[in-house]
Amino acid sequence: MSANKKLLFLPGDGIGPEVMDQVRRVIDGMAKTRSVNFDITDGLVGGACYDKHGCAVTDETMSDAMNVDAVVLGAVGGPKWDNVERQHRPEAGLLRLRKDMDLYANLRPAIVFDSLLDASTLKPEIVQGLDILILRELTAGVYFGEPRGIETLPDGTRRGLDTQVYTEAEIDRIVRLSFELAAKRDSRVTSVEKANVMESGVFWRQVATNVHKDYPAIALSHMYADNCAMQLVRNPKQFDVIVTDNLFGDILSDCAAMLTGSLGMLPSASLGEADESGRRRAMYEPVHGSAPDIAGQAKANPLATILSFAMCLRYSFDMKEDAEVLERAVENVLNAGLRTADIMSPGMTQVTTDGMGKAVVTELDKLAG
Ligand code: NAD
């Protein structure tokens, strides 16, 4: 297959540029072995952008982000920018990208590779073979609802408030996406809210049930968020796709991520609305941050970012086969005993960031041959 697809690369800060270099290596490898070509534009985001332009992302970069097929981001932030004004802090660049691109759906897979079973704090039999997907609504709910603030009441006492609010359209589109994603997996969706104590939860459940009428082939179940947290650590393999709101998704996706035990292995995707041609704005990034404690030491694990790129192949370009080959290459490298420092265990071979990237490309070559 031959195609030129447009990517915006935003390496960011700390280990961001180091792990993104390994994605470039993978793309170069794929161009050779699988005739897949990408046009890559580079941009600055986070502290790197602030140092050069005085803001966390420029209008030009935003315009590039709106016009490419997908954005791939490393990580932002670090102590160097801790005292920068809030609106120019590194995270402000990330938030603007998510908001202006209307990336309402955050996909967080939690997959346990057999060779990293020991990294989980849970018993191997609980997590072996785990492959679940948490879909979190990202642009509405209590993090954005009005009114919000800290106010002084007439009697002089103070209170803080946030508002959980969801429109029907906001619930409809995220739940719809969960059914579409489940159709490509094990066809099961668990919709999570607190319908027992929250009106917005009752409404979420009603809308999810309505949308489900359009997807009869998918099995839908409903679960309260507190029970879901418990079930995730009791028996996580019962789930296929979990769809939930912004707040519960924030918590449950971190909980699910840690079932795998290794931050350096966790990819993510954030997707926007599909246009008439089916194209969605999209951003792919590892779950981890800029890891300033190990930046510049060749210790960063690039696999989360490489696996985020595999998600990009799958969700932005419908290149399921190429995504699977890349994921298999990662798995084979782990099975061969190669480890970066963060996932190192006795008897394994420790490699640098570059070493891991090179090993994945060598594996891609082998799989092609
Ligand atoms: P972090 O994810 O950067 O690091 C947490 C720990 O995990 C550190 O010990 C780090 O060395 C390790 N780690 C993380 N990724 C790794 C990798 N790929 N390979 C090996 N080890 C890895 O979280 P933090 O320390 O809380 O935050 C550091 C900075 O990153 C802060 O400025 C924070 O705001 C920012 N941050 C950015 C994002 C993002 O860009 N999406 C997400 C989280 C944190």
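Small disclaimer: the values here were computed from a predicted structure and weren't measured. Side-chain atoms are counted along with the backbone in the values below, which use heavy atoms only and exclude waters and symmetry mates. In each ligand, atom 1 is the first atom listed, and ligand 1 is the first ligand listed.
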Please determine whether any non-hydrogen atom of G78 lies less than 4.0 Å from an atom of ligand 1.
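The answer is yes: ligand 1 sits under 4.0 Å from a heavy atom of G78.
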Ring centers of F309, F38 separated by less than 6.0 Å
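Yes, the ring of F309 comes within the 6.0 Å limit of the ring of F38, centre to centre.
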Ring pair (Phe, Tyr, Trp, His ring centres under 6.0 Å) against F203, all qualifying residues, sequence neighbours excluded
none
On a heavy-atom basis, I'd like to know which of G77, G289, P79 is closest to atom 2 (O) of ligand 1.
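The residue whose heavy atom sits nearest atom 2 (O) of ligand 1 is G289.
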From the options T353, V76, T340, V287, select the one whose nearest heavy atom is closest to atom 37 (C) of ligand 1.
V76
Based purely on interatomic distance, does [X] place a nitrogen or oxygen under 3.5 Å from a nitrogen or oxygen of ligand 1?
| X | answer |
| --- | --- |
| A291 | yes |
| K299 | no |
| A300 | no |
| V19 | no |

Applying a heavy-atom cut-off of 4.0 Å, say which part of N301 lies close to ligand 1: side chain, backbone, both or neither.
both
Residue portion contacting ligand 1 (non-hydrogen atoms closer than 4.0 Å) for I15:
side chain
With sequence neighbours left out, write down each residue that passes side-chain contact (heavy atoms from CB on, under 4.5 Å) with E91, or none if nothing qualifies.
R89
